[in-house]
Every structure is written in structure tokens, then in C-alpha cells.
2 protein chains.
Amino acid sequence: MVRNTGQPAYLQIADDLRAQIRGGSLAPGTPLPSTTKLAERYDASLSVVKLAVGVLRTEGLVIGQQGKGVFVREAGELPPDPKAGDELAELRATVQDLAVRLAKVEEQLATSTTRRSGRSSR
Amino acid sequence: MVRNTGQPAYLQIADDLRAQIRGGSLAPGTPLPSTTKLAERYDASLSVVKLAVGVLRTEGLVIGQQGKGVFVREAGELPPDPKAGDELAELRATVQDLAVRLAKVEEQLATSTTRRSGRSSR
DNA sequence: CGAGCCAACTAGGTTAACTATGTTGCTCAC
DNA sequence: GTGAGCAACATAGTTAACCTAGTTGGCTCG
């Protein structure tokens, strides 16, 4: 599809969707058409549609929910499904994970250095 | 290299690079390692590296120049930190940094103390 | 010696296939 | 009628392959 504009297809699609969101055609909370539908509508491959959605996702304009769909983000607030997309919870989980792993590493290090195998380079 | 944080590989790489940029390891104006090099360094496929760079690109943190490389955006001209500036982003970066360093230590520990080939990410 | 070509790198775009995982609705057995 | 299980569909992630295009440096040939 597209071209002419010199812009890659996935950016054109992303721009179009972004315009629709900002223009109100796609209201906050409403789901975008499915990847397949968008691919048909824009006559593009699934891959470029996924790329386009990916751009909007990293921009924070939309939020993808596995199994359900991709929803337009409420400006400044969370979508009707405030699932575990919480950064704080994510961070906590990560920190917890790090703590456990650190403990293991420290343990290994303690037992291995006693017989002096300290083989730490770089 | 991946796993650990439960985050997808391309986001982990993006976060790592982002941390390096914000941390100063990658100064503005300097080029990132080439896609191939990054793929080797992170033991990831070219695809995920391209995805990671793509994320930073859409974030405006780096600018890709075909044929030359991907360069860190000059601080003055980068409007980034779109939603950041908050503690959360800082924390995130720090945690990410810790995760990377821990992963390295774990790797060293695994290769130096074990002769079970258990590890290795693909 | 110089001009031009060429080979080797680079990023970027596109496609396709496969996997994983989550959601939802239907059907079928009890 | 209810519950279990399944099938269909959704996003998400990963990989691989192929192509385009820009840059650079070296080599060759005139």
C-alpha cells in the first residue's frame, strides 16, 4: 500500500491511526480493529500492522491486551482495565527477582572463595 | 542473555542501551555498536536488536543514519523523557542497570564454577 | 597520479512463519 | 442447568530471509 509519500508503510499506518485517535474517531477506551482487520483495510501485511501498532504502543497512545485487543489509552489515566500494567508492581517484582538472584550469587561466591577459586576477570 | 526480568528481549536490550545513554557510557554524538555487534553482545538475533533500536528511535533517543550508524542524540536537541523526569524512570533505569550487572556476574559464576552446560541462552 | 568502480560495511523496510499466551464463547457431557 | 473442556481468535515475541539504500575505503585502470 501507500508509498509515494516516501514514508515507510508502518509509519504511515501509525500516523493514520494516531490521527484517528487524536481526531476522536477512535475514542479512548475503544479497541482498535484487530491486526487482521487493519491488515485488510490498509492492504498491508500483518507484519507492518504489528509494527505500526508497536510504534503506538511504545508511544503510550494505546495499550495492547493479549487475547482481547488494543485499546486507546485514556489521556492521563488508565484504561477501563487497569490490569497489571502498573509500573510500580512491575518494578517491585523485578526488584524481588534481583534480590533472590543476588542472594544466590552471594552464596555461591562465599562458598567458592573459601577455597580460593576467585576467578573474576573483567 | 534474556530471560530473568520476564521482560521481552527487545525491551531488555532497549532498556540497557537507554541506561547506557542516560548513564553516559554512550555519550551524545557517539555511534552505537552496529546491529551485528549488538546481536553478538547480547546473544540475540538481529531481529530483536533491530526492534530494540527501533524503540529507541521512536523514542527519539537515537537517530539512525543509513549507511553510517545509529547515533546518540545530542542532549540539546533531544526532547526525550516524554513522560519521564519522574522518579519512576530513574528507578527503572537503576533497576535495569542492576539487572544487567547481576546477569553478568551470574554468567561469570556459571561459566567458572560449573561444568554442567545447563546455561546458555540459545 | 587521479577518476571511477567495486566490495564491504551500515541501517532500514518488508514479509512470513512459528510460538506463546490470554480471552471468549460454544458445545457437550453429566 | 451447570461445569469442563475445547476451538477460535486475539496480541505478543522471536527468528529468519530477502531487499533497498547510503557510506566508505581500497583497488584498478586509464
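Numbers restart at 1 for each chain; the letters A, B, ... are given by sequence-line order, proteins then strands. Keep in mind that the numbers below use all heavy atoms, side chains included, and drop hydrogens, waters and symmetry copies.
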Asks: Can a side chain N or O of Tyr10(A) be found less than 4.0 Å away from OP1 or OP2 on dT14(C)?
Replies: no

Asks: Dump the pairs, protein N or O against N or O of nucleotides 8-11 of chain C, anything under 3.5 Å, distances to one decimal.
Replies:
residue: dT10(C); atom: OP1; partner: Ser34(B); partner atom: OG; Å: 3.1
residue: dT10(C); atom: O2; partner: Gly67(B); partner atom: N; Å: 3.3
residue: dA11(C); atom: OP1; partner: Thr35(B); partner atom: N; Å: 3.2
residue: dA11(C); atom: OP2; partner: Thr35(B); partner atom: N; Å: 3.0
residue: dA11(C); atom: OP2; partner: Thr35(B); partner atom: OG1; Å: 2.8

Asks: Could you go through the side-chain contact (heavy atoms from CB on, under 4.5 Å) check for Val53(A) and Ile13(A) one step at a time?
Replies: CA-CA 9 Å; Val53(A) 173; Ile13(A) 297 178; over 6 Å; no

Asks: Pair up each side-chain donor or acceptor in residues 60-72 of chain B with any protein partner under 3.5 Å, not counting sequence neighbours, and list the distances.
Replies:
none

Asks: Check whether any side-chain heavy atom of Pro28(A) lies under 4.5 Å from a side-chain heavy atom of Arg73(A), and answer yes or no.
Replies: no

Asks: Whole angstrom is fine here: how far is it from CG in Asp43(A) over to C1' in dT15(C)?
Replies: 14 Å

Asks: Which whole-number value in Å describes the distance from Leu46(A) CG to dG13(D) P?
Replies: 16 Å

Asks: Determine whether Gln7(A) and Asp15(A) satisfy the following criterion, side-chain contact (heavy atoms from CB on, under 4.5 Å), listing intermediate values before the conclusion.
Replies: CA-CA 10 Å; Gln7(A) 254 202 144; Asp15(A) 283 347; 3.3 Å; yes

Asks: Please report the distance, rounded to the nearest Å, between CZ in Phe71(A) and C1' in dA12(D).
Replies: 15 Å

Asks: Show, in sequence, the C-alpha distance, side-chain angles and deciding distance for Arg18(A) and Glu59(A), and conclude whether the side-chain contact (heavy atoms from CB on, under 4.5 Å) test is met.
Replies: CA-CA 10 Å; Arg18(A) 199 184 298 112; Glu59(A) 282 176 356; 3.0 Å; yes

Asks: Report yes if a side-chain nitrogen or oxygen of Ser45(A) is closer than 4.0 Å to either non-bridging phosphate oxygen (OP1 or OP2) of dT15(C); otherwise report no.
Replies: yes

Asks: Can you tell me the distance, in whole Å, between the CD1 atom of Ile63(B) and the P atom of dG12(C)?
Replies: 11 Å

Asks: What's the CG-C1' distance between Leu51(B) and dG13(D), to the nearest Å?
Replies: 8 Å

Asks: With Ser25(A), which residues qualify under side-chain contact (heavy atoms from CB on, under 4.5 Å), at least two apart?
Replies: Gln20(A)

Asks: Can you check the Lys50(A) NZ to dT15(D) C1' distance for me, whole Å?
Replies: 11 Å

